[in-house]
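First the structure, in the form of structure tokens, and then the observations on it.
Index from 1, following the sequence. Read the numbers this way: they start at 1 and go in the same order the structure lists the ligands and their atoms.
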Amino acid sequence: GQMLYKDSRQSIEARIKDLLRRMTLEEKIGQMTQIERAVASQAVVRQYGIGDVLNGGGSAPAERAAPNVWEDMVDDYQIGAMSTRLGIPVIYGVDAVHGHNNVYGATIYPHNIGLGSSRDPELVRRIGAATALEVRATGMPYAFAPCIAVCRDPRWGRCYESYGEDTQLVRSMTKIIQGLQGSPPPSHPSGYPYVGGPSKVVACAKHFVGDGGTVKGIDENNTVTTYRQLVQVHMAPYLDAIAMGVSTIMISYSSFNGIKMHANRFLVTEVLKNRLGFQGFLISDWEAIDRITDPPKQNYTYSVLTSVNAGIDMIMVPFDYQNFINILTGLVKSGAVSQSRIDDAVTRILRVKFAAGLFEAPKANRKLNNKVGAEDHRELAREAVRKSLVLLKNSARSGSSKNILPLSKTAPKILVAGTHADDLGLQCGGWTITWQGGSGQTTIGTTIRQAIANTVSQSTQVVYEQSPDANFVKDKGFSYAVVVIGEQPYAEIAGDNLNLTIPSQGIDTIRNVCSSLRCVVVLISGRPLVLEPHIDMMDALVAAWLPGSEGQGVADVLFGDHDFVGKSSRTWFKRVDQLPMNVGDMGYDPLFPYGFGMTMRQQ
Ligand SMILES: OC[C@@H]1[C@@H](O)[C@H](O)[C@@H](O)c2nc(-c3ccccc3)cn21
């Protein structure tokens with residue numbers, strides 16, 4: 001009759017046992033091999049028995065590819081997998097870290113630093129659920145999210161990917177996993193992967209462990225601390241993720257006290273698998289095993305040996321897969337890597353694939369196509385923008401009795417200025433359409449300038465000037481100005497920054513505009529920046545972080561349709577020489593403390 005592992009009425013563990021015993025070493029190693037879509041094809045998947053494909057940041061089948069083009073691509077790999085001897089489906093992973101951000105037209109949510117400032121875990125769960133739908137709408141069952149780093153130093157280029165500096169806040173935001181994967185029933189065993197159906201995805205808690213604690217926030221560097229601190233500050237959110245049935249965990253590029261995480265058998269196997277009882281699969285980061293040696297790939301055999309023996313189950317190779325397969329095969333044949341290690345890895349990978357329903361529904365569900373950028377998702381993103389904004393300053397220019405915020409919708413003439421006022425790419429930040437992000441109309445959404453124009457009365461003239469000089473504002477009869485400035489997009493090491501100053505073009509605009517006009521400054525940034533020299537020039541200051549595609553949420557609050565609710569997810573330092581400085585530290589001396597956030601009602 002039908003082979004047991006293909007029978008969905010059987011338990012997952014019975015199906016794994018039946019399938020594993022049928023598999024050759026080559027087929028097992030194929031399951032442990034993840035390749036990038038650029039080197040993947042139906043033929044490669046079939047020929048090498050590749051188990052996993054990923055979408056690197058910005059990698060796409062075409063410019064502005066439509067959902068069905070993405071689905072055709074993923075289905076093509078699936079056809080290759082289904083035509084192998086055992087027909088084990090591939091699992092296709094993508095970085096959907098603030099919406100389905102590689103896909104043109106997808107809803108782009110505020111990056112995690114802003115979501116952390118909302119202090120609303122239920123909002124974040126809803127974002128997870130909406131994101132799962134958009135990921136599935138392109139035929140993909142796996143998202144490399146959430147990043148549950150506890151960023152302890154804003155000089156880190158990935159600090160905006162962290163929900164905040166405080167472990168308890170990050171722990172509360174792991175609720176997004178229940179949105180992405182669904183919520184397991186109370187009877188669900190802790191640590192066991194859970195995916196609640198075809199509109200949910202496999203999630204990935206990342207990056208284990210201590211990615212946000214490196215020295216000076218240097219990306220992929222060394223986290224020097226006690227084991228107790230590592231557990232209390234950085235590992236705690238993984239316990240919540242595991243309790244929620246997170247299906248996969250990605251290992252961090254960084255090191256703990258000089259030991260590369262990708263070579264750290266104690267933390268990866270002894271702690272994460274044995275003591276914390278994680279039963280899904282562990283995935284490496286991109287070419288992370290290569291970087292176990294310095295220089296990278298100096299000894300790839302050693303990289304493969306130590307990472308697999310450390311307990312990593314799936315290797316994000318992602319290009320040199322023949323080499324990886326050959327080396328690992330040789331290591332098993334020589335006994336350097338045991339059969340039982342390979343079987344543990346494959347068992348975990350199959351467990352997640354069965355839990356995700358991939359054997360029953362390997363191909364894309366084409367009925368979900370219209371979910372990409374759906375109006376209700378954009379409304380959710382707009383709500384998230386509103387709740388993420390942090391009001392740092394609100395005052396009245398001398399002589400006036402009223403604070404500048406909320407802004408009047410019926411002023412006769414207003415100025416909107418700044419590099420970030422009318423630029424969708426800049427307000428989305430990194431990990432948007434491309435890996436590093438970009439400027440201009442990179443996807444579909446509403447800029448802050450458009451949002452302001454949508455909000456003011458018909459009789460209000462909105463003048464937009466990106467970088468006005470001092471004369472521009474003179475004697476023009478502007479009632480007030482909104483100045484939107486900030487950081488250029490970045491991702492990972494490109495975002496590492498030791499001085500954290502506001503880019504000078506923005507400072508010039510603040511000076512040119514706010515010296516003679518009442519102005520509210522909206523700061524678009526992935527982290528707190530040095531403010532003191534400039535804040536006195538502003539009548540009001542809003543930290544908008546990286547709000548994403550729905551700029552309408554900014555106008556909703558500036559004009560008083562909604563009040564500010566955001567509480568900063570990070571300490572706003574005075575000077576970088578204070579860093580690292582986090583809430584609770586001795587000598588804590590912030591400009592604005594962790595949790596700071598004004599409302600417009602308070603005087
Ligand atoms: O996109 C896949 C993973 C992502 O999930 C991880 O969070 C992130 O650390 C990461 N960096 C690269 C990456 C880094 C340098 C060059 C090319 C790619 C790839 N990836």
Side-chain angles (χ1 to χ4, degrees), residues 33-40 52-60 91-103 111-113 131 135 138 140-151 156-163 176-177 180 201-214 217-221 223 234 237-238 241 246-255 260-262 281-292 295-297 307 312-321 429-437 489-496 526:
T33 307
Q34 185 184 61
I35 66 176
E36 215 277 339
R37 55 163 295 283
V39 297
D52 333 285
V53 183
L54 90 134
N55 205 109
S59 177
I91 185 166
Y92 189 98
V94 65
D95 294 275
V97 294
H98 65 139
H100 197 1
N101 43 262
N102 284 293
V103 171
H111 268 297
N112 289 351
I113 188 169
T131 301
V135 171
T138 57
M140 302 172 192
Y142 181 20
F144 302 127
C147 174
I148 56 174
V150 180
C151 170
W156 187 34
R158 307 193 72 168
C159 203
Y160 66 80
E161 296 184 62
S162 167
Y163 290 106
I176 189 170
I177 294 167
L180 288 165
V201 294
V202 169
C204 179
K206 70 187 188 182
H207 313 74
F208 187 84
V209 65
D211 50 349
T214 59
I218 301 168
D219 193 36
E220 303 188 17
N221 210 266
T223 295
H234 299 285
Y238 286 89
V246 73
S247 299
T248 75
I249 292 174
M250 188 180 293
I251 305 303
S252 177
Y253 282 121
S254 58
S255 301
K260 288 274 183 179
M261 279 307 305
H262 279 77
F281 71 72
L282 299 179
I283 183 170
S284 80
D285 206 330
W286 177 291
E287 292 180 353
I289 72 168
D290 311 42
R291 300 179 198 174
I292 287 173
K297 218 160 182 183
S307 56
I312 298 175
D313 305 307
M314 184 181 292
I315 302 297
M316 187 185 291
V317 178
F319 299 126
D320 193 8
Y321 57 91
W431 291 105
T432 311
I433 305 303
T434 60
W435 178 43
Q436 290 294 318
Y490 50 79
E492 303 191 53
I493 199 157
D496 282 6

| message | With a heavy-atom distance limit of 4.0 Å, tell me whether Lys206 approaches ligand 1 through its side chain, its backbone, both, or neither. | response | side chain
| query | Between Thr248 and Ala205, is there a donor-acceptor pair closer than 3.5 Å when you use the side chain of the first and the backbone of the second? | reply | no
| said: With a 3.5 Å distance limit and no angle check, can you tell me whether Asp496 reaches the backbone of Gly157 through a side-chain donor-acceptor pair? | reply: yes
| At a 4.0 Å cut-off, with the gap strictly under it, does some heavy atom of Arg158 reach an atom of ligand 1? | yes
| message | Minimum distance, heavy atoms only, to atom 7 (O) of ligand 1: which one of Met250, His207, Gln34 is it? | response | His207
| message | Counting only nitrogen or oxygen atoms and a 3.5 angstrom limit, does Trp286 reach ligand 1? | response | no
| remark: of all protein heavy atoms, closest to atom 3 (C) of ligand 1 is Asp285 OD1, 3.3 Å
| query | Would a 4.5 Å heavy-atom cut-off, applied to side chains only, mark Lys260 and Ser255 as touching? | reply | yes
| field | Residue selection (non-hydrogen contact nearest atom 1 (O) of ligand 1) among Ile493, Asp95, Val97 | value | Asp95
| query | Would a distance-only check, ignoring hydrogens and angles, find a side-chain to backbone donor-acceptor pair under 3.5 Å from Tyr238 to Ile148? | reply | no
| said: So if I count the atoms of ligand 1 from 1 in the order they appear, which ones are less than 4.0 Å from some heavy atom of Phe144? | reply: 5 (O)
| task | Provide the number and element of each atom of ligand 1 under 4.0 Å from a heavy atom of Trp435. | result | 14 (C), 15 (C), 16 (C)
| message | Testing Asp95, Asp285, Asp211 one by one against Lys206 for a side-chain hydrogen bond (donor to acceptor under 3.5 Å, both in side chains), which residue passes? | response | Asp95
| field | Flag, side chain of Ser307 to backbone of Ile289, donor-acceptor distance under 3.5 Å | value | no
| If you measure every N/O of Glu492 against every N/O of ligand 1, is any gap under 3.5 Å? | yes
| said: Has Ser252 got a side-chain atom pairing as donor or acceptor with Val209's backbone, closer than 3.5 angstrom? | reply: no
